[in-house]
Amino acid sequence: MSALNYSRRHFLRTAGIAGGGLVVGFSLSGCSASEIPLQPLADAYAPNAFLQLTPDNVIRFYCPRDEMGQGVTTGLATCVAEELDIDPAHLLIELAGAHADYGNPDFGGMQGTGGSTSIKAHYLQLRQVGADTRALLLSAAASDLGIDLASLTTANGAVVANGERMPYGQFIATAADLEVPVATPLKADSDFKYIGKEFPRLDGIAKSTGTAIYGIDVDIPGMHHALVKRSPVAGGTVASFDGSAALAMSGVTDVVEIASGVAVVAAKFWQAKQALAAVVVAWDFPPLSSVDSAKVRADYEQLMDSPEGESAESAGELERGFAGAQGVVEGRYWAPYLAHAPMEPMNAVIKIEGDKAELWSGTQGPGIAQGLVARYAGLDKENVTVHQTYLGGAFGRRATLTHVIEATQVALEAKKPIHLLWTREDDIKSGVYRPASLMNIKAGLDDNGKIVAWAAKRVGGNITPGTLRAALPGVMPAAVSDGVVDWVVGLASDVMDGWVVDPSSTEGLYEDYDLPNREVLHVTKNHGVPLTFWRSVGHSFTAFAKESLVDELVEQSALDAVDFRLRNTEHNPRLHNVIQLAGEKMRAMRPEAGRYLGFAAHGSFNSYVAEVAEISIDNDRIRVHKVLCVVDCGLAINPDIVVSQMEGAVMYGLTAALHGDLNLEGGVFKESNFHDYPIVRMNEAPAIEVVIVPSSEAPTGVGEPGLPPIAPAVANAVFAATGKRLRALPLRLT
Amino acid sequence: MIEFTLNSKSVRTDDAPDTPLLWAVRDTFKLKGSKYGCGAGLCGACTMHVDGQAVRTCVLPIGAVAGKAVITIEGLGTPENLHPLQAAWAEQSVPQCGYCQSGQIMSAAAFLADNPTPSEAELESAMAGNICRCGCYPRIKKAILSVAEAGAKAAELGTEVSA
Ligand code: FES
Ligand code: FES
């Protein structure tokens with residue numbers, strides 16, 4: 001919000017008047033050269049990219065982050081509404097399309113939603129937007145009413161003067177002629193009316209009546225349905241195909257080859273689905289086609305046993321640490337490949353006409369989607385409109401937008417508006433995955449129960465490069481040629497795959513405890529499986545290794561699971577505190593006979609979580625009855641949504657802990673749908689108690705941090721129950 | 001040509017009889033509230049009522065619903081006129097991504113109609129056919145029980161139960 005924008009704002013205001021409506025806009029990034037992002041509505045006034053007001057006091061909030069279930073529309077609306085002084089329920093929430101002003105401040109301004117950053121990144125920014133807009137409306141009211149500014153106040157969407165309420169909309173004509181104030185002082189926390197208070201999430205009714213629109217629901221005139229037959233082995237390409245039988249089937253209009261395989265286009269989904277089965281494709285397979293899961297594991301074991309490894313982290317003197325240790329414990333942990341399996345499979349709807357395109361899709365990166373359509377359709381980005389929809393779950397999956405490229409290519413070939421949908425089988429078998437990981441930790445303990453040496457090593461694929469590889473063609477400027485993009489993509493991948501340790505690969509292996517002498521090594525090894533972020537990313541596997549090993553250290557020490565962790569978290573006060581709180585609660589728990597408790601704690605995405613799992617073993621089956629979750633995520637904007645995110649993360653993590661397992665056979669994932677890739681269901685779901693640590697610290701991550709501790713908490717409970725250490729996920733007693 | 005009633009209106013379609021009801025409803029009748037999640041009867045996202053029974057419509061050919069009464073989430077209630085389950089869902093902030101919730105609510109509505117005062121165990125097993133990847137289970141359970149309780153109270157008082 002720099003003064004630099006003034007002249008452009010002035011220009012736009014003039015332009016707005018000329019167009020009949022009244023619109024101003026400015027770039028919050030301060031460096032955007034593009035047009036204002038909003039579709040100006042008739043008579044509306046937009047003081048910035050996020051708000052648009054009409055004379056009848058309809059106030060639209062353009063939510064810059066993507067709603068995938070985490071409640072971000074409610075959370076961010078609350079931030080802006082708090083300072084604007086209006087009940088968040090009165091805001092009309094729109095999902096913002098692609099534009100630089102909707103960049104994520106935590107991602108260097110790139111328009112992406114992930115990494116549990118949304119609230120943390122926009123908390124102050126959107127409060128500022130609300131405060132500046134309120135100050136502007138007050139000035140306009142003072143001028144309209146001829147009343148001293150100091151005697152005016154606001155209440156729930158209205159200016160109040162001498163006890164009379166006048167809706168904000170009444171003052172927008174005057175407001176449009178004033179300069180939008182900047183750096184208006186924000187409320188004191190103690191004055192909050194909505195932040196930190198409980199009220200139902202704002203998308204609840206839409207999502208309970210089937211009226212919320214997801215990408216899959218978009219239906220535009222002339223739209224045809226497309227499905228794609230992809231190589232069963234990732235990276236395979238079409239050698240030849242025969243689509244004649246499919247083309248002859250009812251409703252089918254086109255059978256076309258695209259980069260990822262062969263697409264069938266038909267008037268209706270079911271027609272396309274049946275015809276796809278009749279397409280015969282011969283593939284050229286990459287080396288992955290000779291890889292089984294057993295080979296992945298064997299290769300990882302071999303690399304783990306070798307001295308190989310790049311240093312991801314080191315401090316102190318490891319050898320001296322071990323030399324001084326009274327006891328040494330070592331454990332090796334396995335985590336398999338996983339699919340995200342969001343309930344809504346990937347999809348995109350696209351219309352390309354002349355030099356313009358429109359895309360409808362729920363993604364974690366509308367800007368990337370826009371860039372991909374522009375590049376693959378050969379259009380200017382400015383001519384690609386992206387309509388963001390609700391996301392039927394994402395968990396990291398909707399940052400890789402192969403389906404957007406596919407829809408673009410099919411629409412170009414078939415010359416029709418296209419609705420492209422992945423089946424569940426496509427989702428499980430042809431997706432991008434949480435990498436398999438082998439981790440080894442060796443730790444030394446002194447007489448006082450302090451960890452004096454910590455050597456960790458992880459073998460597996462890197463997470464970031466694959467996602468980058470997929471996104472780069474979308475984020476590179478259009479002027480950069482395809483050849484150069486390919487080169488940069490290749491370079492970035494080589495660099496990441498080769499010698500740089502991707503921080504996502506080892507995050508969570510060492511940060512939580514006081515480890516004066518530590519070393520973390522990494523060996524990058526991927527057999528060609530496409531990898532990406534999966535809810536809580538590296539923490540989804542490192543926490544399992546770290547907290548399982550710590551449980552083994554507890555056994556060696558004279559302390560219990562809580563005191564041991566307390567003793568070793570002196571440098572980490574917020575984690576220390578959640579361990580303390582969860583520990584007190586755990587000591588008060590009185591599990592009935594046959595039930596056992598397990599403890600784990602982990603910091604991720606700037607938040608801290610400790611969990612206790614209460615389990616029983618029934619015919620070698622692990623049953624989780626209860627989970628206690630204590631979280632410190634700074635100030636909770638909407639405590640009830642924090643609770644639901646913790647519940648959700650526990651369930652998501654529990655599916656991984658108890659069931660999640662994808663296995664390669666000849667480079668093909670054997671699993672295909674929910675019968676062999678099971679998800680925790682209601683009859684397996686534990687009761688979950690969430691305790692939020694009261695805090696006035698700035699908000700931190702919420703969507704992911706609840707996940708990492710659950711697998712080790714359950715594994716540690718299984719040890720308490722059986723004396724068996726389960727060091728591989730999913731946890732199985734037989 | 002197959003005829004049935006859809007949310008109390010009679011409809012007809014010349015979609016092939018083996019077309020799953022889900023796709024006829026979504027593509028032909030353009031009601032998008034019922035969702036596709038697995039296409040194999042495994043997740044419940046596509047649940048509708050056929051003659052009052054909760055059915056997985058991704059595996060139910062329209063040939064089998066000729067002459068029957070089909071109710072979708074759109075026919076259960078609307079934002080202006082919420083079914084008690086929908087009201088409980090919204091008030092208790094049950095949905096996260098929301099994608100599974102049409103199916104959850106349709107399963108719950110058929111279940112409560114059959115068993116207005118369920119035990120927790122009955123509820124858990126009745127709802128086990130509906131996957132929620134966002135893990136809303138504790139809230140789904142609580143919301144159903146709250147509607148059942150309100151229904152039981154209303155019955156005690158002799159008032160009509162709208163569920
Ligand atoms: S889509 Fe019908 S049960 Fe999953
Ligand atoms: S709310 Fe997302 S799958 Fe249930």
Side-chain angles (χ1 to χ4, degrees), chain A residues 67-71 200-201 203-214 216-217 219 225 250 267-271 273 341-345 390-395 421 423-425 640-641 644-645 647-652 654-655 673-675 679-688, chain B residues 15-16 18-20 23-24 26-28 30-40 42-43 45 72-74 76-79 82 85-102 105 121 123-125 127-141:
Chain A
E67 179 59 73
M68 41 201 183
Q70 83 280 43
R201 45 188 295 160
D203 51 5
I205 290 183
K207 288 178 172 178
S208 306
T209 50
T211 55
I213 302 293
Y214 302 83
I216 195 174
D217 301 329
D219 203 321
H225 293 264
S250 162
K268 293 185 178 176
F269 169 84
W270 188 246
Q271 295 168 327
K273 173 122 189 334
M343 276 321 282
E344 180 195 18
Y390 281 120
L391 282 63
F395 316 112
L421 176 63
T423 62
R424 177 60 59 197
E425 287 78 8
D640 188 52
I641 291 182
S644 80
Q645 283 305 292
E647 292 167 347
V650 165
M651 295 294 177
Y652 203 90
L654 203 55
T655 285
N673 207 321
F674 295 128
H675 63 290
I679 308 296
V680 161
R681 293 169 183 268
M682 172 128 16
N683 56 340
E684 282 185 310
I688 301 173
Chain B
D15 284 347
D18 67 347
T19 306
W23 294 109
R26 288 183 57 89
D27 288 355
T28 304
K30 310 284 185 191
L31 294 181
K32 309 288 187 179
S34 310
K35 304 302 188 200
Y36 163 80
C38 70
L42 299 165
C43 77
T72 68
I73 185 76
E74 291 91 345
L76 190 77
T78 61
L82 297 170
L85 282 166
Q86 292 171 315
W89 246 245
E91 268 159 31
Q92 298 174 32
S93 293
V94 172
Q96 291 185 30
C97 86
Y99 192 79
C100 72
Q101 301 296 350
S102 297
I105 290 170
L123 188 159
E124 281 172 14
S125 84
M127 294 301 293
N130 287 77
I131 293 175
C132 176
R133 188 61 167 134
C134 298
C136 304
Y137 301 121
R139 285 167 190 248
I140 292 173
K141 194 163 137 185

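Numbers restart at 1 for each chain; the letters A, B, ... are given by sequence-line order, proteins then strands.
Using cut-offs of 30° and 60° on the angle between ring planes, the pair A/Y214 and B/Y99 is perpendicular.
Looking at B/Y36 and A/L421, their side chains come closer than 4.5 Å, going by heavy atoms from C-beta outward. B/K35 is not listed as a side-chain neighbour of A/M343, based on a closest heavy-atom distance of 4.5 Å or more. Within the 4.5 Å cutoff, side-chain heavy atoms of B/C134 are placed close to those of A/F395.
Between chain A and the options B/C136, B/S125, B/G129, B/P79, the largest number of non-hydrogen pairs under 4.5 Å is found for B/P79. With respect to chain B, the highest number of heavy-atom pairs below 4.5 Å among A/L654, A/I679, A/D203 belongs to A/I679. Ranked by heavy-atom pairs under 4.5 Å with chain A, the first of B/G98, B/A16, B/G33 is B/G98. For the set A/Q70, A/R201, A/M651, the count of heavy-atom pairs under 4.5 angstrom toward chain B peaks at A/R201. For the set A/S644, A/G393, A/G392, the entry with the most heavy-atom pairs within less than 4.5 Å of chain B is A/S644. Across A/I205, A/D640, A/T211, A/L391, the residue that shares the most heavy-atom pairs under 4.5 angstrom with chain B is A/D640.
Judged by distance alone, with hydrogens and angles left aside, the side-chain atoms of B/R26 form no donor-acceptor pair with the main-chain N or O of A/F269 at under 3.5 Å. A donor-acceptor pair under 3.5 Å is formed between the side chain of B/Q86 and the backbone N or O of A/S208.
Using a 4.5 Å cut-off between heavy atoms, A/T655 contacts chain B through its side chain alone, with no backbone atom that close. In this structure, the portion of B/D15 lying under 4.5 Å from any heavy atom of chain A is its side chain and not its backbone. Residue contact with chain B, scored on non-hydrogen atoms closer than 4.5 Å, is absent for A/A687. Within the 4.5 angstrom heavy-atom criterion, only backbone atoms of B/T78 (N, CA, C, O) approach chain A.
Note: B/L42 CG to A/R681 CZ = 6.5 Å, rounded to the nearest 0.5 Å.
Remark: B/R133 qualifies as a cation-pi partner of A/Y652 under the 6.0 Å distance and 45° angle criteria applied to the six-membered ring.
The side-chain hydrogen bond (donor to acceptor under 3.5 Å, both in side chains) test applied to B/K141 returns B/E120, B/E124, not counting sequence neighbours. Legend: residues meeting side chain to side chain contact (heavy atoms under 4.5 Å, CB included) with B/A88, ordered by chain and number and at least two apart, are B/Q92, B/A143, B/S146, B/V147.
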